Each structure stands twice: as structure tokens, then as C-alpha cells.
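Quick caveat: nothing in here was measured; it's all calculated off a predicted structure. In the text below, chain A, chain B and the rest are named by the order of the sequence lines, each starting its count at 1.
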Number of protein chains: 2
Amino acid sequence: METKKDSTEDKILEAAKNVFVTKGMDGARMQEIADEAGINKALLHYYFRSKERLFEATFGEIIKYAFPKITQIVQTDGPIVTKIEQIIDAYIDLLIKHPFIPGFVMKELNRDPSGLFKIVVKFGLNPKAIFDHIQLAMDRGEIIKMKPQHLAINILSMCIFPFAARPILSFVVFKDDPKALEAFYAERAEIIKKFVIDAIVIRENHIDT
Amino acid sequence: METKKDSTEDKILEAAKNVFVTKGMDGARMQEIADEAGINKALLHYYFRSKERLFEATFGEIIKYAFPKITQIVQTDGPIVTKIEQIIDAYIDLLIKHPFIPGFVMKELNRDPSGLFKIVVKFGLNPKAIFDHIQLAMDRGEIIKMKPQHLAINILSMCIFPFAARPILSFVVFKDDPKALEAFYAERAEIIKKFVIDAIVIRENHIDT
DNA sequence: AAAAAATTTAACCGGATGGTTAAATCTAAT
DNA sequence: ATTAGATTTAACCATCCGGTTAAATTTTTT
């Protein structure tokens, strides 16, 4: 199941990713990572001196997929509805490819939120720019008015949560029917897009607050 | 900050709740729980023989708040829109009182999904009944049509996710302004209700699929 | 071929941690 | 007052685990 270069470092990072994502930082064992990488513990420390460093390297690899470049999409011109659709498409696409990211990121950021600062600067996250953009579209009358944060979180919630709560969905909603679960995920993009648009486009009988 | 009977067992459960919720099963330390309960480790094992048992007891206590009686609300008669509003109100109310439940539950169910089975039977969770109920309302033309699972998950997502992702919201969106974050949470119920209703009520210019 | 780097083996250290134990002390019920 | 249960103290054990080390072996580079 290897993907890129088969170098030992990559094998380690790949193995670490698997173990850390399923077990978390606390639950992960260096020995298990070594086993999964097909090497021994000594070599593991030979490459990454400590569990801490290995985790940080792995976390960095994973977090890349967590915050896609929505800023890029937002910066283009065109109706905001189109941009929202693009963002939803991009996000769901990403999450279907990396379904375990949300759970992992939320778990670890809850454990130790200190890493958030690095992430924000590293990815140049600028939520304010996005919120301003949304606000502008609202002022222009493109969509109904609400605090931009609420709209953004509403969209992100519907995209991310179903993946973060995958075990619950899997067992409680789709009683151990993996096919049905995958089909559900595949439908999400279209569903969310329609849902959001129906909620925010302005119509005659809209009670605008 | 004690609430109910000040019995030792309650003190332990209260302390265990705090520690387990913040540190998780793996990260929690028996010594820390004993300290937090104001007792010693020996007495801790005197009441709950092992960490495993203590965790299970605590988890049971916590999980009670995770799946509120939406079934009750659903079973009443009246328009489904009203019921949806009641459910959102109930859920947000609950989450504001217990903001750390979502993160904890998702973390632990991800770590060991085996506990889900017990929960489902214990609480008599019957999602199918809910889905059927939604489907019926759709067939009656009360709201637009979509797979009931999507509607339910959309609503739950917008309710739960902002709490599960609290650290991200706190730092990235409301840069260390706790007041703003609390205000945001307080607004959620109204926002979600309006959002959902605007998305699902039938209007003339609705493109019904 | 020689040198350097990568990898293995296997043992070990030390600290943290879950759990136990035995004796002593305190508290509440009989 | 006696007794049983609750609680403390303090030491202890076994295990797990992150990390180290030294030597041997293999692979790669020069």
C-alpha cells in the first residue's frame, strides 16, 4: 500500500501517520510504529529522535490536508454562491480522500491547542479576510444577512462533522453497511450545496432581519 | 463546585469526569483523579477496582448527556418544523451546559467503537423511527424532499461541530476572546433554526428534485 | 577495496503508571 | 465499647514504554 518513494523516512512517516491517526499521540506506541514501518525501534529513533519530534513531523504532514486553500477560492471574483459551491466541493472531495483527518485533528488540538498558533502562521490562515468577503456579499444583497462566522461554521460543520463522527454514523445510522456509508458521503457535496443555497439566497417571502 | 450528594463515590465520579473529559482515557492518570477527588489512590481502587471500570462508569455518566431524548420530541404530533426547532433548542441548550461532551464522546468512540452497541441498546436509540418520521413529513409535503439521514445529519452537524471544534473556534475564529465565543454559542440555536427552516420549507420557486 | 551510512540485534536504563498490600487510624453504626 | 466499614499512609511490585547504547552486519557511496 506504499505510495511515494519507498525511502525509510517515508515508510516511517506513513506508518506513524497510520498509528497516530488511529491511536492518537497518547495511545500510539513507538514499537508499533516501528513494526508497521517494518523496521526496529532503534532505527526509528535514529531518524526521529523522540516520539515528540516524530509526532510533530507527522502532524505537519497531516495538517496540510486539513485546511485547504479556501482563501484562493474566495479571492476570485464571481458570485459568492459559486464560490461557496466550489469550497464545498473541494472540502468534501478532500475528506473523502482523507476521511480520518477531522477526527485526528480535533482530537489532538483538543489535547494540546498550543500547536494552533504555528498552524495559523504556517498556512497564513486569515479568517477575517473570508468573513469580510462574506459580509460584503451580504451588504451587496447577494445573500441574506447573518454573522459571517455563523454561515462559515454552518458550512464547515456539515462538511466535516459527518467524517469526524464516522463511527457513530457507521454503526448507529448505517448499521454496519459500509456501502451505504460511502454512498452517503458521496452524496454530501450536492446535498450541502443545495441546503446552503436554499438557506441563504434571497427570495420574496424571506423574513430578512 | 459539587452538585449532588457529597459521597465519596460521587466525588470520585465527578473528578473522573473532569480528568477523563480533558485528558481522555489514555491521557488520564489515576493519581490525578485521586488528587482531584481529594482522596488517595488506594481508596480510588477500593471503590472502582480498575481504571477500566472507573472509565466505564464515568463514560456511562457522561453519555447520558450525549443522546438526549429527541425520540420523545419526535413522537409528539404537530408540524415537523416545530419539532425540529424544539430539537435544536434542546440540543444547543444541552451543549452549552456540557460543552466538552462532543469532543470527548467522539474521541473515545473513535478509539474504541465497541461501546456503541451497549449505548444503542441502553438508550433504546432507534434512528430508523426518526428517519421514517421525517420521510413521512416529506411525503406529506411539509418540507422538501431529501434522504432523511442527510437532513438529520445536517442539523446535528451544525449543533455539535462548533462545540467539538471548540479550540479551533476559540483561537482561529475568535482570537482568544472568550466572551465573543460564548456569545456565538448563545446565538447558535436561533441561527440554526432559521437556517434549517429556510433550507427545507417549500416555496414557489423551489426546485424540488 | 575502503569508507561511510544505514540497519539490525539485543540488551539495558529509568521513569511513569496501574495496581496491590498491610498496617494504622478514623468514623459511624450496633 | 465493640465492631465494621471507610480512609490514610507508605511502601512495594510488575509492567509498559520511551529512549539509549554498543557492537555487528548490511548496504551504499566513493
Working for salt bridge (charged side-chain N to carboxylate O under 4.0 Å, His left out), residues Arg53(A) and Glu56(A): CA-CA 5 Å; Arg53(A) 290 194 186 204; Glu56(A) 273 171 33; over 6 Å; no
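- Side-chain N/O atoms of Tyr46(B) include one lying less than 4.0 angstrom from OP1 or OP2 on dA6(D).
- Counted by atom type alone, Asn154(A) and Ser157(A) present zero donor-acceptor pairs between their side chains at under 3.5 Å.
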B/S/- contact track for nucleotides 9-25 of chain D, protein heavy atom under 4.0 Å: BB------SBBBB----
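- Between His150(A) and Phe184(B), the ring center distance clears the sub-6.0 Å criterion.
- Rounded to a whole Å, the CD1 atom of Ile12(B) is 8 Å from the P atom of dT7(D).
- The shortest non-hydrogen separation linking Phe59(A) to Leu109(A) is CZ-CD2, 4.0 Å.
- Phosphate contact (OP1/OP2 of dT7(D), side-chain N/O of Thr8(B), threshold under 4.0 Å): present.
- In this model, the phosphate group of dT7(D) is approached by a side-chain N or O of Tyr47(B) to a distance below 4.0 Å at OP1 or OP2.
- Using a 4.0 Å heavy-atom criterion, one finds that Phe48(A) contacts no nucleic acid atom at all.
- Atom CG of Leu44(B) and atom P of dT8(D) are 11 Å apart (whole Å).
- The CD-P distance, from Glu32(B) to dG18(C), rounds to 10 Å in whole Å.
- In this pair, Phe123(A) and Phe67(A) present their aromatic rings tilted. The plane angle is within the 30 to 60° band.
- dT27(D) atom C1' lies 15 Å from atom CG of Asp6(A), rounded to whole Å.
- The residues Asp26(A) and Lys23(B) are annotated as not salt-bridged, no charged nitrogen and carboxylate oxygen being separated by less than 4.0 angstrom.
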